[in-house]
Asker: 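This is the structure I have questions about; it appears just below.
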Amino acid sequence: MLLAPIPENEHSRLETLRGLRILDTMSEERFDRITRLARRLFSVSISVVNLIDSDRQWFKSVQGIDVCETSRDISFCGHAINQPKIMIVPDALNDPRFADNPLVLAAPNIRFYAGFPLTMPNGMRVGTLCIIDDKPKEFSLEDEQALEDLGRLVEGELLSIQQNTLDALTAISNRRGFELLAEKTLANTDRLGLNTNLIFFDLDYFKEINDKFGHEEGDIALKCFAELLINCFRESDVIARFAGDEFVVLLSQSQSEQISVDSLLQRFSDLVKQHNQQNGKSYALAYSQGVVSRHAKQDMDLCEYLALADQAMFIEKAKHHKSD
């Protein structure tokens, strides 16, 4: 058996997938109707909208089998995301990649597989629309076109999700995406008895960058700032472009994590300084920040949390302008 290979762009691919905030969410009719149609159209026993996470394949929609995920290393779809077109396996027993695969030798006894790689606008393949049967099958060019048409419908739904919760310019969460993730994070940290910290960032002199160098350069500055935030903070932190030149980061730490907020902010400051020294621009990125802490189960909702962090940021911004 050949284990599913890891794509060269795996880090960016996972960032794109996780940016959708769709893993481990409830089933949705818009995806279920496509898998139902695929199962009927191709007369197969199983059809799946499948998303490839770091160590598993997770099923957003599945027909014909009562599981929600399987291991990535034995998955057929882990192979399919490594190619731009539909991957077809007419008979898995005759394919050296899969002949001794546990999914072939035992339930669901895969013989036939066809998977269309679901590709986002940035070129990252996040999963597949796949069809599976326990009998060998031939797959015609007409069949391939029909599966691709259904796969494009799935891509359209994923793009809709991305546009609703991601900022189009920086590709990090937008305000709506942040609020959804932050509410979920606060509920989880309250349940676990963990404290959180909210950092509100505002780019200083952003209007001057736009006025002097143009809005295109202003967009570049915003994208650079977002990238610096991603490089500094962790995958588990919620990072978003909140509005205009405002960004927010929600930090939650387990009891075993001893990294202080001050050390993280110093690390971010160092990254920004390094960027300014190396980017060759006629301007430097500068920012003000406000930090607020929230204890587990504290009587403070997300709206109040944001307002306090915003207020703390404006206090610091006023100090900056006074010193200027």
Side-chain angles (χ1 to χ4, degrees), residues 9 11-21 120-124 159 161-182 197-251 264-292 306-307 309-321 324:
N9 59 4
H11 179 73
S12 298
R13 194 193 68 78
L14 286 174
E15 278 192 351
T16 300
L17 170 62
R18 290 167 182 170
L20 294 171
R21 315 300 183 189
M120 301 306 294
N122 63 356
M124 299 299 113
L159 181 58
I161 291 170
Q162 186 182 63
Q163 290 172 336
N164 285 336
T165 59
L166 290 187
D167 176 58
L169 177 67
T170 62
I172 61 176
S173 292
N174 58 20
R175 180 169 184 159
R176 181 175 182 273
F178 173 79
E179 289 172 346
L180 290 171
L181 288 169
N197 292 277
L198 181 63
I199 311 169
F200 205 109
F201 292 98
D202 186 86
L203 277 179
D204 293 332
Y205 318 114
F206 181 66
K207 184 177 183 301
E208 286 86 339
I209 295 174
N210 276 332
D211 291 345
K212 188 172 182 179
F213 302 100
H215 289 280
E216 185 176 341
E217 191 62 41
D219 287 348
I220 291 172
L222 291 170
K223 288 191 283 189
C224 287
F225 195 78
E227 187 175 339
L228 289 166
L229 289 171
I230 291 169
N231 290 339
C232 177
F233 297 99
R234 305 160 303 172
E235 275 189 4
S236 57
D237 299 324
V238 184
I239 303 170
R241 182 185 176 196
F242 199 65
D245 56 356
E246 297 175 340
F247 295 79
V248 287
V249 178
L250 179 62
L251 303 169
L264 283 170
L265 291 174
Q266 184 59 55
R267 179 183 171 192
F268 183 66
S269 175
D270 293 341
L271 283 174
V272 173
K273 287 178 183 175
Q274 183 180 20
H275 168 81
N276 288 333
Q277 291 167 357
Q278 297 176 353
N279 71 355
K281 300 286 185 181
S282 300
Y283 63 88
L285 292 180
Y287 62 93
S288 300
Q289 66 195 28
V291 185
V292 175
L306 284 163
D310 189 25
Q311 183 180 13
M313 182 275 297
F314 269 108
I315 291 171
E316 182 178 326
K317 198 173 189 71
K319 292 179 183 175
H320 283 188
H321 283 286
D324 289 345

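We number each residue from 1, following the sequence as shown.
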Asker: Test Asp310 against Phe242 for side chain to side chain contact (heavy atoms under 4.5 Å, CB included), laying out the working first.
Answerer: CA-CA 11 Å; Asp310 189 25; Phe242 199 65; over 6 Å; no
Asker: About how many Å separate CZ of Arg241 and CG of Leu169, when rounded to the nearest 0.5 Å?
Answerer: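 The CG atom of Leu169 sits 5.5 Å away from the CZ atom of Arg241.
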Asker: Listed by chain and number, what are the salt bridge (charged side-chain N to carboxylate O under 4.0 Å, His left out) partners of Asp202, not counting sequence neighbours?
Answerer: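 Listed in chain order: Lys317.
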Asker: Tell me the closest heavy-atom pair linking Leu159 and Pro121, and the distance in Å.
Answerer: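 Nearest pair, atom of Leu159 first, then Pro121: CD1-CG, 3.6 Å.
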Asker: Let me confirm one number: the CG-OG1 distance from Asn174 to Thr165, rounded to the nearest 0.5 Å.
Answerer: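 Interatomic distance, Asn174 CG to Thr165 OG1, rounded to 0.5 Å: 6.0 Å.
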Asker: Just jot down the side-chain hydrogen bond (donor to acceptor under 3.5 Å, both in side chains) partners of Asp237, sequence neighbours excluded, or say none.
Answerer: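 side-chain hydrogen bond (donor to acceptor under 3.5 Å, both in side chains) check on Asp237 returns Arg234.
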Asker: What is the distance from atom CG of Leu20 to atom CD of Gln162, rounded to the nearest 0.5 Å?
Answerer: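 If we round to the nearest 0.5 Å, Leu20:CG and Gln162:CD are 5.5 Å apart.
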Asker: Excluding sequence neighbours, so at least two apart, what forms side-chain contact (heavy atoms from CB on, under 4.5 Å) with Asp211?
Answerer: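 With sequence neighbours excluded, Asp211 shows a side-chain contact (heavy atoms from CB on, under 4.5 Å) to Lys207, given in chain and number order.
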Asker: Tell me, please, which residues at least two apart from Arg13 pass salt bridge (charged side-chain N to carboxylate O under 4.0 Å, His left out).
Answerer: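 Counting only residues at least two positions away or on another chain, Arg13 forms a salt bridge (charged side-chain N to carboxylate O under 4.0 Å, His left out) with Glu10.
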Asker: Which residues pass the side-chain contact (heavy atoms from CB on, under 4.5 Å) test with Glu15, not counting sequence neighbours?
Answerer: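 Result, side-chain contact (heavy atoms from CB on, under 4.5 Å) vs Glu15: His11, Ile230.
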Asker: With sequence neighbours left out, what residues match Phe314 under ring pair (Phe, Tyr, Trp, His ring centres under 6.0 Å)?
Answerer: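 Partners of Phe314 under the ring pair (Phe, Tyr, Trp, His ring centres under 6.0 Å) test: none.
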Asker: For residues 212-230, which residue pairs qualify under salt bridge (Lys or Arg N to Asp or Glu O under 4.0 Å), counting only residues two or more places apart or in two chains?
Answerer: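 For residues 212-230, and leaving out neighbouring residues, the salt bridge (Lys or Arg N to Asp or Glu O under 4.0 Å) pairs sorted by first residue read Glu217-Lys281.
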Asker: Mind listing the closest non-hydrogen atom pair of Cys232 and Leu264 along with its distance?
Answerer: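 The pair with the smallest heavy-atom distance is SG-O, 3.6 Å.
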Asker: What's the shortest heavy-atom distance between Phe247 and Ala226, and which atoms?
Answerer: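 Nearest heavy atoms, Phe247 then Ala226: CE2-CB, 4.0 Å.
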Asker: List for me each residue that meets ring pair (Phe, Tyr, Trp, His ring centres under 6.0 Å) alongside Phe206, sequence neighbours excluded, and say none if there are none.
Answerer: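 Phe206 satisfies ring pair (Phe, Tyr, Trp, His ring centres under 6.0 Å) with no other residue.
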Asker: With sequence neighbours left out, what residues match Ser12 under side-chain contact (heavy atoms from CB on, under 4.5 Å)?
Answerer: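 Scan of Ser12 (side-chain contact (heavy atoms from CB on, under 4.5 Å), adjacent residues dropped) gives Met124.
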Asker: Measuring from atom CG of Asn276 to atom CG of Leu271, what distance do you get when rounded to the nearest 0.5 angstrom?
Answerer: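 Taking CG in Asn276 and CG in Leu271, the distance rounds to 11.0 Å.
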Asker: Please report whether the ring centroid of Phe268 lies less than 6.0 Å from that of Phe201.
Answerer: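 Phe201 vs Phe268: aromatic centres under 6.0 Å.
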Asker: Are Phe213 and Ile220 packed together at the side-chain level, in the sense that at least one heavy-atom pair is separated by less than 4.5 angstrom?
Answerer: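 No; the side chains remain at least 4.5 Å from each other.
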Asker: Not counting sequence neighbours, which residues clear salt bridge (charged side-chain N to carboxylate O under 4.0 Å, His left out) with Asp245? List them please.
Answerer: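 With neighbours one apart ignored, the set is empty.
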Asker: Closest approach of Thr170 and Leu222, non-hydrogen atoms and distance?
Answerer: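 For Thr170 and Leu222, the tightest heavy-atom pair comes out as CG2-O, 3.9 Å.
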Asker: Looking at CZ of Arg175 and CG of Leu306, how far apart are the two atoms once the value is rounded to the nearest 0.5 Å?
Answerer: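 One gets 7.0 Å once the value is rounded to the nearest 0.5 Å.
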Asker: How far does CG of Leu166 sit from OG of Ser173, to the nearest 0.5 angstrom?
Answerer: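 If we round to the nearest 0.5 Å, Leu166:CG and Ser173:OG are 6.0 Å apart.
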Asker: Is any side-chain heavy atom of Leu180 closer than 4.5 Å to one of Arg21?
Answerer: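 No. Closest side-chain heavy atoms not under 4.5 Å.
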Asker: If you measure only the distance, is there a donor-acceptor pair under 3.5 Å linking the side chains of Asp270 and Gln274?
Answerer: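 Result is no, nothing qualifies.
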Asker: List in chain and number order the residues that pass ring pair (Phe, Tyr, Trp, His ring centres under 6.0 Å) with Phe178, two or more places apart in sequence or in another chain; answer none if no residue qualifies.
Answerer: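 By the ring pair (Phe, Tyr, Trp, His ring centres under 6.0 Å) rule, Phe178 matches no residue at all.
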Asker: The criterion is salt bridge (charged side-chain N to carboxylate O under 4.0 Å, His left out); which residues satisfy it with Glu246, sequence neighbours excluded?
Answerer: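 Glu246: no salt bridge (charged side-chain N to carboxylate O under 4.0 Å, His left out) contacts found.
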Asker: Of all the heavy-atom pairs spanning Ala221 and Leu285, show the shortest one and how long it is.
Answerer: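 That closest heavy-atom pairing would be CB-CD2, 3.9 Å.
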Asker: Any idea which heavy atoms bring Tyr283 and Ile209 closest together, and the distance?
Answerer: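 The pair with the smallest heavy-atom distance is CD1-CD1, 3.6 Å.
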